[in-house]
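Beneath this line is the structure, given in structure tokens, with notes to follow.
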Amino acid sequence: MQIFIYIALATIIIVTISSTILRRKNYRKYGIPTAFLIGISFVIAVVSFFTLDGWESMGFFFMFICITIGSLIGTGISMLLN
């Protein structure tokens, strides 16, 4: 269970840094890192649902949830920093 917390924290840090860099360069689409991470993790979760056993696919689903939450929090933090 700790690994999901670490994944969420790493995602928060990565998205906050990348979104802040994009905002400082006056790039209007600072939500690209969030959409990119959520999209990739969603594809992995869906593919694992159809190809893996029940418990393993559930782990990838929880990873998707942690990445989604971390991405949204990271984007929110980057909006507050500027």
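As a basis for the values below, the full set of heavy atoms in this structure was taken, side chains included, without hydrogen atoms, waters or symmetry mates.
The OH atom of Tyr6 sits 13.0 Å away from atom SG of Cys66, with the distance rounded to the nearest 0.5 Å. Here the CD1 atom belonging to Ile69 is positioned 10.0 Å from the CD1 atom belonging to Ile38, to the nearest 0.5 angstrom. In this structure, the separation between CD on Glu56 and OG1 on Thr51 is 9.0 Å, given to the nearest 0.5 Å. Atom-to-atom distance recorded for Ile77:CD1 and Ile17:CD1 is 11.0 Å, nearest 0.5 angstrom. In this structure, CG on Leu9 lies 11.5 Å from CD on Gln2, to the nearest 0.5 angstrom. Summarising the geometry, atom CZ belonging to Phe42 is positioned 10.5 Å from atom CD1 belonging to Ile65; distances are rounded to the nearest 0.5 Å.
Of all non-hydrogen atoms in Gly59 and Phe4, the two that sit nearest each other are O-CE2, 3.6 Å. Of all the heavy atoms in Gly70 and Thr11, the pair that sits closest is C-CG2, 3.8 Å. The minimum heavy-atom distance linking Ile12 with Ile73 is given by the pair CD1-CG2, 3.9 Å. Val15 approaches Ser71 most closely through the heavy-atom pair CG1-O, 3.6 Å.
Under a 3.5 Å cut-off, the side chain of Ser48 and the backbone N or O of Ala45 do form a donor-acceptor pair. The main-chain N or O of Ile13 is never found under 3.5 Å from a side-chain atom of Thr16 such that the two would form a donor-acceptor pair.
Taken together through direct or relayed side-chain contacts under 4.5 Å among Ile, Leu, Val, Met, Phe, Trp and Tyr, Ile67 and Ile3 form part of one hydrophobic cluster. Hydrophobic clustering (ILVMFWY, side-chain heavy atoms < 4.5 Å, transitive): Leu37 and Val46 are in one cluster. Under the 4.5 Å side-chain heavy-atom criterion for grouping Ile, Leu, Val, Met, Phe, Trp and Tyr, Ile14 is not connected to Ile7 through any hydrophobic cluster. When the side chains of ILVMFWY residues are joined at heavy-atom separations under 4.5 Å, either directly or via intervening members, Leu52 and Phe49 end up in a single hydrophobic cluster. Residues Val47 and Phe36 do not share a hydrophobic cluster, clusters being chains of Ile/Leu/Val/Met/Phe/Trp/Tyr side chains in contact below 4.5 Å.
Annotation for Phe62: atom CZ does not count as buried by contact number, only 12 or fewer foreign heavy atoms lying within 6.0 Å.
Using a 4.5 Å heavy-atom threshold, the side chains of Met63 and Ile44 count as touching.
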